[in-house]
Amino acid sequence: MQNPYFMNTETMRRLVERKRDGGRIAADEWHELVAAFTRGTLDEAQMAALAMACVFRGLDLDETIALTAATIDSGERIDLGIDGFVLDKHSSGGVGDTVSLIVVPLVAACGVPVAKVSGRALGHTGGTLDKLEAIPGVRTDLDPPSFAAIVREIGCAISAQSDRLVPADRKLYALRDRTGTVPSPGLIAASIVSKKIAAGADGIVYDVKCGRGAFVPDAAGARALAQTLVDVTERFERRAAVVISDMNEPLGPVVGAGLEAIEARDFLRGDRCDPRLREVVTTIAARMLELAALDPIASTDALLDRLAAALSSGRAYERFVAMIEAQGGTRNALESLGPASSFASTAAEDGYVRGIDAVSIGELAREIEARGVPCAGVRIAKRIGDRAERGEPLAFIVGGTEAQAHSLAGTFELGTERVAPRQPIVETVSGSLARSTSATR
Ligand code: URA
Ligand code: CA
């Protein structure tokens, strides 16, 4: 580290102005400003202004790589102490995106360790950490040695950023959440990839959400973010693949931390299986197994069979329980979770569901959860393309008020024409390091 006062108010103001005017910030400047921000010697207002300038002006690939490296260097890199391949998975942020809680133990049950560092709720989207912590007793503030030990013993763990692990991301993530500066592909990529590299993964599958409920609304933006994630990850010599999935409506049937923990539990136990959630879960899990190249000549069908067997045998569920126990929870606490009482939001007229405003549903779920009722949020009853008769429930407010049920009805758009259901998977993108491992197919 150079002079700790290098990044003084004046220097930082010039960087903010440069980015505001469309200029570039050099790698050493990113390092200095991220280090000063992490130490707490940088004015947060200036950092927020810089984040907003990044939202409008963007970061090029070199800047994104430099910010990623600076964020990794704000903390430790974990040595998991595992000889074989270790996987991770990360979503760019969705609503009703319960995938991580399911995929992590599922892939571990297929024999490949998963060491996941997650985030909290951001903007209107839910955070995996909040979902896990909805299970009483579960801790996600694992120190690096405990995180590594749980991955070695159980095969999987889910941890938060901490003072030791990408602390710069923890601070910047919270700042972006309260300043409306989340939707910048460069900031998103640096935030995500820094966590993945610091936590020691050898291969990462990214789930880039695309649509009105995502931070990147259109397919072109999603493809660009997907390519950036692959390019930055490969710069750090790890394998990457991306699944682009639809976020024009909530992915799974429930939105809210506790409700999603219940959904994951029931999915893994085989009690309930939402088809859209299942498609995204199995697509991502299959890409993860492919990246690990456990069995390089296995066909996709063979990988899907392997995943189905891990689910139907109960091995994936038992892995979930073991991870929860290792992180401070109990089987009983998990199995005792139940939803709060609910109010229905009904259709005012007959019609077909044309649209569902996932952003408003995500915000509503966060608002309901803020009341402090456990296992609260929204349950979706009708999907885009479904027919609803007048008076039929479109969705339910769980643990909230009747007034909230009324505003929930307004997030559904109905029309008289038939509408096709949306496909949850948009496309998949592989990096060159990943492609070379699966070239035999
Ligand atoms: N997930 C993250 O970890 N960071 C972002 O910026 C967005 C989604
Ligand atoms: Ca390894």
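In each ligand, atom 1 is the first atom listed, and ligand 1 is the first ligand listed.
With hydrogens and angles left out, the side-chain atoms of Asp141 and Ser162 include no donor and acceptor closer than 3.5 Å. For Tyr206 and Ser91, the side-chain atoms include no donor-acceptor pair closer than 3.5 Å. Using modelled atom types and a 3.5 Å distance limit, the side chains of Thr233 and Lys196 yield no donor-acceptor pair. When only modelled atom types and interatomic distance are considered, Asn8 and Thr11 share a side-chain donor-acceptor pair under 3.5 Å.
Ile192 counts as a contact of ligand 1, since one of its heavy atoms falls under 4.0 Å from the ligand. Residue contacts with ligand 1: Phe215 is excluded, as none of its non-hydrogen atoms falls under 4.0 Å.
Residue Ser92 has no N or O atom closer than 3.5 Å to an N or O atom of ligand 1.
Residue Ser91 approaches ligand 1 through these ligand atoms, each under 4.0 Å from one of its heavy atoms: 1 (N), 8 (C).
Leu122 CD2, 3.6 Å is the protein heavy atom nearest to atom 7 (C) of ligand 1. Counting only heavy atoms of the protein, atom 4 (N) of ligand 1 lies nearest to Ser191 OG, 2.7 Å. The protein heavy-atom contact nearest to atom 1 (N) of ligand 1 is His90 NE2, 3.5 Å. Protein heavy atom at the shortest distance from atom 3 (O) of ligand 1 is Lys195 NZ, 2.6 Å.
In this structure a side-chain-to-backbone donor-acceptor pair under 3.5 Å is present from Gln327 to Arg139.
Atom CD of Glu10 has more than 12 neighbouring heavy atoms from other residues, nucleotides or ligands inside a 6.0 Å radius.
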